[in-house]
Number of protein chains: 2
Amino acid sequence: MGKLDFSPIADTTRRAEIVALLRRAILTGQLEPGQKLNELRISEQMRVSRAPLREAMRELVQEGILTSIPYAGTFVIDVTAKDIVDAYSLNKVLDDFAIELTWPQRDQRFFDELDRRHEAVKQATRSLDTTRQIEAALQLHGLIYEWADNSVLVETWQRLTSRLQMYFALHQRARNEAVPAEDLHETYVALLKGADMRAAQRCAREHIDDDFEALLAYARGLEERAAKSAERPH
Amino acid sequence: MGKLDFSPIADTTRRAEIVALLRRAILTGQLEPGQKLNELRISEQMRVSRAPLREAMRELVQEGILTSIPYAGTFVIDVTAKDIVDAYSLNKVLDDFAIELTWPQRDQRFFDELDRRHEAVKQATRSLDTTRQIEAALQLHGLIYEWADNSVLVETWQRLTSRLQMYFALHQRARNEAVPAEDLHETYVALLKGADMRAAQRCAREHIDDDFEALLAYARGLEERAAKSAERPH
DNA sequence: GACAAGCAGATTGTCGACAATCCAACAAGA
DNA sequence: TCTTGTTGGATTGTCGACAATCTGCTTGTC
């Protein structure tokens with residue numbers, strides 16, 4: 001018996017690849033909120049028939065980043081200020097729980113992985129690749145979920161992550177400045193290594209609040225503009 | 001302008017109906033955990049082509065009650081003791097949060113709906129229709145989520161509910177006795193009407209723990225049997 | 001001019017057939 | 001006997017075509 005444990009082979013169905021492609025397009029903001037996804041057009045661009053594309057879209061609908069209206073079409077979800085409030089408030093609760101579960105299971109491997117992801121964030125920040133920066137930050141944040149060893153919690157986090165990533169990307173795209181909060185990551189990582197769980201939880205909450213305020217202001221701005229353009233037809 | 005607000009028209013795609021049919025079959029235990037869903041057989045039984053059936057299955061995969069392995073098939077999820085532990089521990093956290101959000105929004109309509117659903121549980125209990133009893137209990141429980149006015153939280157709850165309902169149905173099916181806990185619902189409803197939020201949260205947690213213990217014992221039994229039958233081939 | 005009916009055009013939903021893949025049984029060789 | 005190919009059947013993945021539905025425009029009527 002060899003000692004190597006192989007990772008599962010990659011899914012090689014067109015469907016899986018389409019899901020990945022579409023998800024990325026949505027989460028990076030290449031597909032804008034509210035935009036309609038024309039099946040024929042996309043399937044031709046991808047050189048794929050509509051069947052696997054439609055199945056992929058069904059998955060993303062259930063994932064919460066697309067929405068489907070029968071016989072009308074499938075659309076990228078709209079982002080309202082309330083959605084952001086909802087997502088962030090739930091995020092805080094889940095973070096608390098995830099830290100609580102992870103806390104007694106922290107070991108050297110955890111700390112190493114924590115440093116690795118923190119380093120990835122710093123590198124992405126230096127490279128000015130904002131998309132990668134967002135992904136890296138969420139990956140860093142997600143470690144406490146992966147370590148919590150609760151399958152349902154991880155699923156929930158991933159669903160939430162999709163939305164958060166989309167919100168960030170939109171915000172990023174609108175006002176083209178780098179996300180700061182570098183030092184906050186620093187203290188967050190340090191506290192996760194420390195002995196005071198409550199302090200770590202508090203830090204996570206504050207961290208979330210920071211990002212949140214900026215995003216919310218942006219979303220409110222969006223809605224005001226939308227409201228105004230909706231008034232015009234009257 | 002009329003004052004009537006019409007409810008949305010029913011989805012009239014085959015896909016939506018298939019989703020409903022399959023979900024019901026799974027959640028009531030008619031389809032057992034681990035069982036494979038043969039596309040051709042099911043599509044013939046439903047008098048439907050495989051396309052909408054496959055799309056429906058993709059949705060249920062993302063909903064977390066089916067699991068798909070490329071070129072191998074789509075299966076009802078397996079239920080392990082750990083899954084139940086995970087689901088219930090998350091449920092406790094979410095309940096806390098839902099009660100907190102709902103608390104300041106309680107009004108007469110809330111209390112009326114609470115009573116209505118409580119009545120539905122009692123009636124289902126009397127009728128000895130265990131499936132309906134489970135559904136009614138989960139509906140009663142779900143009110144705090146619907147009232148919390150947090151869209152992401154509701155989605156999360158619904159995903160969790162699917163699993164819980166499945167676990168209950170299996171348990172129910174195995175040992176054919178009625179679920180007791182009637183009085184616990186009584187106190188739960190009373191506390192939700194009262195002034196002490198902490199007490200309501202505590203009651204919810206205890207309520208959950210009760211159901212949980214019974215289910216867990218059942219699941220552990222399942223796994224032991226599974227382990228034994230897996231040993232035999234050796 | 002306002003309004004309803006009806007008619008394309010485009011798009012989504014569904015179907016039946018074909019291609020790719022897996023699995024179990026069997027055969028062949030060490 | 002154990003391992004390693006091979007082969008046939010069954011099942012999933014994908015395709016192209018057809019049917020159902022929606023939308024915007026035109027037409028006709030008042």
Give the table of side-chain donor-acceptor pairs shorter than 3.5 Å for residues 74-81 of chain A, with sequence neighbours excluded, one pair per line with atom names and distance.
unit_1 : atom_1 : unit_2 : atom_2 : d
A:T80  : OG1    : A:K82  : N      : 3.4
A:T80  : OG1    : A:D83  : N      : 3.1
A:T80  : OG1    : A:D83  : OD2    : 3.2

task = Give the minimum heavy-atom separation between A:G64 and A:R163, together with the two atoms involved.
result =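 Looks like O-NH2, 3.5 Å.
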task = Would you kindly say whether B:D129 and B:Q133 are connected by a side-chain donor-acceptor distance under 3.5 Å?
result =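 Side-chain D/A pair, B:D129 to B:Q133: absent.
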query = Any luck finding a side-chain donor-acceptor pair between A:N150 and A:Y145 under 3.5 Å?
reply =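 No, A:Y145 and A:N150 have no side-chain donor paired with an acceptor closer than 3.5 Å.
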[X] [atom1] to [N] [atom2], straight-line distance once rounded to whole Å:
X	N	atom1	atom2	result
B:F75	C:dC22	CZ	P	13 Å
B:L40	C:dC18	CG	C1'	14 Å
B:N38	C:dC23	CG	C1'	14 Å

request  = May I ask you to say whether B:E32 pairs ionically with B:R173, meaning some side-chain N is under 4.0 Å from a carboxylate O?
outcome  =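 No, no charged N to carboxylate O under 4.0 Å.
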key: Ion pair check, A:E113 and A:R116, cut-off under 4.0 Å   =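 Salt bridge: yes.
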For nucleotides 13-16 of chain D, print each protein N/O atom paired with a nucleotide N/O atom at under 3.5 Å, atom names and distance only.
unit_1 : atom_1 : unit_2 : atom_2 : d
D:dG13 : OP1    : B:Y71  : N      : 3.4
D:dG13 : OP2    : B:R54  : NH1    : 2.5
D:dG13 : OP2    : B:R54  : NH2    : 3.1
D:dG13 : N7     : B:R50  : NH2    : 2.8
D:dG13 : O6     : B:R50  : NH1    : 3.0
D:dT14 : OP1    : A:R14  : N      : 2.4
D:dT14 : O3'    : A:R14  : NE     : 3.2
D:dC15 : OP1    : A:R14  : NE     : 3.3
D:dC15 : OP2    : A:S49  : N      : 2.7
D:dC15 : OP2    : A:S49  : OG     : 3.0

task = Please work out if A:L53 contacts a base, only the sugar-phosphate, or nothing of the nucleic acid, heavy-atom cut-off 4.0 Å.
result =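 Here A:L53 touches no strand at all.
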inquiry  = At 4.0 Å (heavy atoms only), tell me whether A:I18 reaches a base, stays on the sugar-phosphate, or touches nothing.
reply    =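 It contacts nothing in the nucleic acid.
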